[in-house]
Amino acid sequence: YTFRIDLNRSWEEIESKMSKSFLKSVKRSEIYDFEIDNNSFVNDFYRLIQCNSSKDDFDAHNLNYYKIFTEELEKESLVKYFNISIKPKELVIKFTREIENLKLELEKNKKRATDINNQISKLEKDIGVLNTLQDEKVVICSLICTYTKNRAWSMFIGSDEIANLTFAVTRSYYEAIKDAYNQKYVFFNLFGTPCSI
């Protein structure tokens, strides 16, 4: 089974058909100041899809497969990566400031204590995870899409646990769908579930 999004409508109409939980995740992802690019980072993608394969118990292709796949389709501009990166140290500084501001707000507004404390707990959890990362910038999710003359497909996605924490997977699909719409493709195929008969 495959799932296609008809792009021959206004963006507002397309977005209105998306689930509320999907759009909520996209909105929540904005706090993480993602950097989104379309560079063909095959090695990063391969590292990430290995995370998926070990977690979800499937066998990914080998690195050479993804390199050849990318090189061949790039010759005709038929492939695009949607990479999502974060800067852990900058986010830790940002979230630490937000916690300080929330604590000040808590002193003034006791009625919102539960909500504010939940926000503080979430930020503290995020800081704990972000502090485990050593690099200045880390690719946490990579979606590969392919194209024909007027149609778009999501083909492969790789993501780590931080991508799940930050809603990067949802955001990558959202960005790819919006890009396909802007490029005037007639549909975006989310691929789907392979099944045997």
Side-chain angles (χ1 to χ4, degrees), residues 1-27 29-30 32 34-86 138-160 163-164 166-197:
Y1 298 96
T2 64
F3 306 93
R4 290 179 175 178
I5 297 173
D6 178 9
L7 300 178
N8 288 315
R9 298 172 288 174
S10 69
W11 179 250
E12 291 72 23
E13 188 179 352
I14 292 167
E15 210 173 42
S16 74
K17 302 291 184 187
M18 295 177 182
S19 76
K20 287 184 172 59
S21 60
F22 179 87
L23 291 173
K24 195 173 182 180
S25 294
V26 170
K27 185 72 178 168
S29 73
E30 293 172 3
Y32 297 100
F34 290 149
E35 288 190 14
I36 302 168
D37 66 67
N38 303 116
N39 298 311
S40 301
F41 294 143
V42 182
N43 289 335
D44 281 317
F45 169 80
Y46 186 64
R47 169 180 59 81
L48 292 166
I49 201 166
Q50 284 182 308
C51 292
N52 292 126
S53 65
S54 62
K55 180 180 62 128
D56 297 333
D57 195 28
F58 70 89
D59 293 325
H61 297 289
N62 61 40
L63 176 60
N64 200 41
Y65 172 90
Y66 297 109
K67 283 183 176 176
I68 294 170
F69 177 90
T70 301
E71 288 166 6
E72 290 301 314
L73 291 177
E74 278 185 331
K75 290 174 185 177
E76 302 294 331
S77 300
L78 299 177
V79 67
K80 187 182 282 189
Y81 280 59
F82 291 84
N83 305 305
I84 295 185
S85 303
I86 58 169
V138 183
V139 179
I140 59 172
C141 183
S142 183
L143 171 65
I144 301 177
C145 294
T146 58
Y147 306 88
T148 61
K149 184 177 179 181
N150 62 355
R151 301 171 182 186
W153 282 264
S154 65
M155 287 296 293
F156 306 108
I157 189 164
S159 60
D160 59 19
N164 296 328
T166 60
F167 312 101
V169 173
T170 307
R171 180 71 176 276
S172 67
Y173 280 107
Y174 180 84
E175 296 294 335
I177 295 164
K178 192 168 187 180
D179 178 74
Y181 172 80
N182 289 335
Q183 298 301 321
K184 310 294 185 198
Y185 290 104
V186 298
F187 70 69
F188 186 88
N189 191 316
L190 290 160
F191 224 69
T193 306
C195 64
S196 56
I197 297 174

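The shown structure was predicted, so the numbers you read here are calculated from the model rather than taken from an experiment.
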* **Glu76 atom CD, neighbour heavy-atom count above 12 within 6.0 Å** =>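 No, CD of Glu76 has 12 or fewer neighbouring heavy atoms, counting only those of other groups under 6.0 Å.
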Look up atom [atom1] in [X] and atom [atom2] in [Y], then write down how far apart they are to the nearest 0.5 Å.
X	Y	atom1	atom2	value
Phe45	Asn39	CZ	CG	15.0 Å
Ser29	Phe167	OG	CZ	8.0 Å
Ile86	Thr166	CD1	OG1	6.0 Å
Ile144	Phe156	CD1	CZ	6.5 Å
Phe188	Asp6	CZ	CG	14.0 Å
Asp37	Lys80	CG	NZ	11.5 Å

All side-chain contact (heavy atoms from CB on, under 4.5 Å) counterparts of [X], not counting sequence neighbours:
X	result
Ile84	Phe34, Ile36, Ile140, Cys141, Ala168, Arg171, Ser172
Ser16	Glu13
Tyr174	Trp11, Glu15, Met18, Phe22, Leu23, Val26, Lys178

* What heavy-atom pair brings Tyr181 and Arg9 nearest, and what distance separates the two atoms? ->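 Looking at all heavy atoms of both residues, the shortest contact is CE1-O, 3.0 Å.
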* Asked: Less than 4.5 Å apart, any side-chain heavy atom of Arg47 and any of Asp160?
  ->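 Side chain of Arg47 against side chain of Asp160, heavy atoms only: contact under 4.5 Å found.
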* Within-4.5 Å side-chain heavy-atom neighbours: Asp44 and Ser142 ->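 No. Closest side-chain heavy atoms not under 4.5 Å.
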* Between Ser159 and Asn52, does any side-chain donor sit less than 3.5 Å from a side-chain acceptor? ->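 Judged by distance alone, the side chains do pair up.
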* Any chance you could lay out the side-chain contact (heavy atoms from CB on, under 4.5 Å) test for Asn38 and Phe82, step after step, and finish with the verdict? => CA-CA 5 Å; Asn38 303 116; Phe82 291 84; 3.6 Å; yes
* **ring pair (Phe, Tyr, Trp, His ring centres under 6.0 Å) involving Tyr81 - partner list, sequence neighbours excluded** =>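 Ring pair (Phe, Tyr, Trp, His ring centres under 6.0 Å) check on Tyr81 returns nothing, list empty.
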Please tabulate, for side-chain N and O atoms in residues 145-154, each donor-acceptor pair with protein atoms closer than 3.5 Å (sequence neighbours left out).
| unit_1 | atom_1 | unit_2 | atom_2 | d |
| --- | --- | --- | --- | --- |
| Thr148 | OG1 | Arg151 | N | 3.4 |
| Ser154 | OG | Asn189 | O | 3.4 |
| Ser154 | OG | Leu190 | O | 3.4 |

Side-chain donor-acceptor pairs of residues 58-68 under 3.5 Å, sequence neighbours excluded:
| unit_1 | atom_1 | unit_2 | atom_2 | d |
| --- | --- | --- | --- | --- |
| Asn62 | OD1 | Asn64 | N | 3.2 |
| Asn62 | OD1 | Tyr65 | N | 2.8 |
| Tyr66 | OH | His61 | N | 3.1 |

* Using the side-chain contact (heavy atoms from CB on, under 4.5 Å) rule, take Phe69 and Val42 through it: C-alpha gap first, then chi angles, then the decisive distance, then the call. => CA-CA 10 Å; Phe69 177 90; Val42 182; over 6 Å; no
